[in-house]
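What follows is one structure encoded as structure tokens, with my remarks underneath.
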Number of protein chains: 2
Amino acid sequence: MTVSKTAEKPADATKGRKDAPEGLPEALQLGELSEQLGYVLKRAQLKVFENFLRCMASLQLTPAQFSVLLLVEKNPGRNQTEVASTLGILRPNFVALLDNLESRDLCARIRSTNDRRSHILVLTDKGKAVLARAKKLVATKHEARLKELLGQANREALLEMLSKIANEF
Amino acid sequence: MTVSKTAEKPADATKGRKDAPEGLPEALQLGELSEQLGYVLKRAQLKVFENFLRCMASLQLTPAQFSVLLLVEKNPGRNQTEVASTLGILRPNFVALLDNLESRDLCARIRSTNDRRSHILVLTDKGKAVLARAKKLVATKHEARLKELLGQANREALLEMLSKIANEF
DNA sequence: TGATAATTGTTATGGACTATATCAAATATC
DNA sequence: GATATTTGATATAGTCCATAACAATTATCA
């Protein structure tokens, strides 16, 4: 390495001066970072999940749990392997997730009579009711916030582009 | 719960019949899931990171490491707290990340003479060279793929919307 | 048929990333 | 000069994600 072991702080325009009223901590320049797709995508995703969790606080549903409920409602009678793989969740990791939903009586595992190895997944009545409330919360608080921020047309364009990336990148 | 403990598989149009040539595993219906911002956003982000790692395989740089190098290059002379917080990384977690970059001689910690508590961060010559190669790889392999997929105009629109979400959601 | 292979749900486990508390050294505050 | 704050660091725990392995069950096929 070619750098010396100690160094002065680079001559600074605001912090170094005594007459300046102790300028702010001077935000860093993002530079090319703000043009990196991955960087912006990740930060946006974190913000969206954070907002989602706030909106769902009363129902205590994470994005992953919500996605399972949605998928099981739309596809009742599928087994764990099918549901998990559709969501990109590995079978072993899906077990605890389901244990949680089942312990809260939102979802049920039913031993299939066709193939006694597999567990058929179904929403319970409570699960359907909770999901219905969850959908309303998402629509009115979460997705509404997005529309407010981007506008309806942009929202659709964004979703389409993200889908394209998710499926074809 | 109101569901019975066992159940027949729902009468199936393809798999149940003996005369059909054993239809495909029948993909699940995503339904409303494909309209959920968080879901699509997360899947897109995973794909993008995956592609990034492939493009960077020869340099062994993760997205987080690349972002640190970019930020330190653009803002030499800042300390760990400043760089970490700008990237949304907690100070304790930033230590190991820096240990890695420093052990590979890409980045150096220099004890500041102004404030002997803090470590000034600088890229080494090797760090600058590696970063330059990394930028080229990202531009030609990674971001180019995005342009090819969305087109230049859409790419810019996407980045702008994601930035808006990251900053204002 | 029966031996072998494959599948399903599960457990155990390790790695990566994230979050909090705490510490010593150094600095700031008053 | 006593106290509080800041910085980098360690320890630690929690959450995801990934792989191997296992028992029960089913599929394959010689």
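Each chain gets a letter, A, B and so on, in the order its sequence line appears, and its residues count up from 1.
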* To do: Among residues two or more places apart or on two chains, list those pairs meeting ring pair (Phe, Tyr, Trp, His ring centres under 6.0 Å) that have a residue in residues 54-83 of chain A.
  =>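 Qualifying pairs, neighbours excluded: A/Phe52-A/Phe66.
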
Starting from [atom2] on [N], measure out to [atom1] on [X] and report it in whole angstrom.
| X | N | atom1 | atom2 | result |
| --- | --- | --- | --- | --- |
| B/Leu53 | D/dA18 | CG | P | 12 Å |
| B/Leu87 | C/dA19 | CG | P | 14 Å |
| A/Asp99 | C/dT11 | CG | C1' | 11 Å |
| B/Arg91 | C/dT18 | CZ | P | 15 Å |
| A/Arg43 | C/dT18 | CZ | P | 11 Å |
| A/Gln80 | C/dT11 | CD | P | 10 Å |
| A/Leu46 | D/dT15 | CG | P | 17 Å |
| A/Ile89 | D/dT15 | CD1 | C1' | 14 Å |

* Pairing residues for A/Lys74 by the salt bridge (Lys or Arg N to Asp or Glu O under 4.0 Å) criterion, not counting sequence neighbours ->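 A/Lys74: no salt bridge (Lys or Arg N to Asp or Glu O under 4.0 Å) contacts found.
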
* Asked: How many angstroms lie between CG in A/Leu137 and NZ in A/Lys135, if you round to the nearest 0.5 Å?
  ->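 NZ of A/Lys135 is found 13.0 Å from CG of A/Leu137.
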
* To do: Check A/Arg78, A/Gln80, A/Glu102 against A/His119 for a side-chain hydrogen bond (donor to acceptor under 3.5 Å, both in side chains) and give me the one that passes.
  =>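 Single side-chain hydrogen bond (donor to acceptor under 3.5 Å, both in side chains) partner of A/His119 among A/Arg78, A/Gln80, A/Glu102: A/Gln80.
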
* Asked: Would you call A/Arg155 and B/Glu35 a salt bridge, using N to O less than 4.0 angstrom?
  ->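 Salt bridge flag = yes for B/Glu35 with A/Arg155.
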
* What string of B, S and - do you get for nucleotides 20-27 of chain C 5' to 3' if you count protein non-hydrogen atoms under 4.0 Å? -> BB---BBS

* Short side-chain N/O contact from B/Thr81 to OP1 or OP2 of D/dT6, under 4.0 Å ->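 So the side-chain polar atoms of B/Thr81 never come under 4.0 Å of the phosphate oxygens OP1 or OP2 of D/dT6.
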
* B/Lys42 side chain near D/dC16 phosphate (N/O to OP1/OP2, under 4.0 Å) ->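 It does not, given that no N or O in the side chain of B/Lys42 lies less than 4.0 Å from OP1 or OP2 of D/dC16.
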
* Any side-chain donor near an acceptor of the partner, A/Glu32 and A/Gln36, under 3.5 Å ->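 The answer is no; no qualifying pair exists.
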
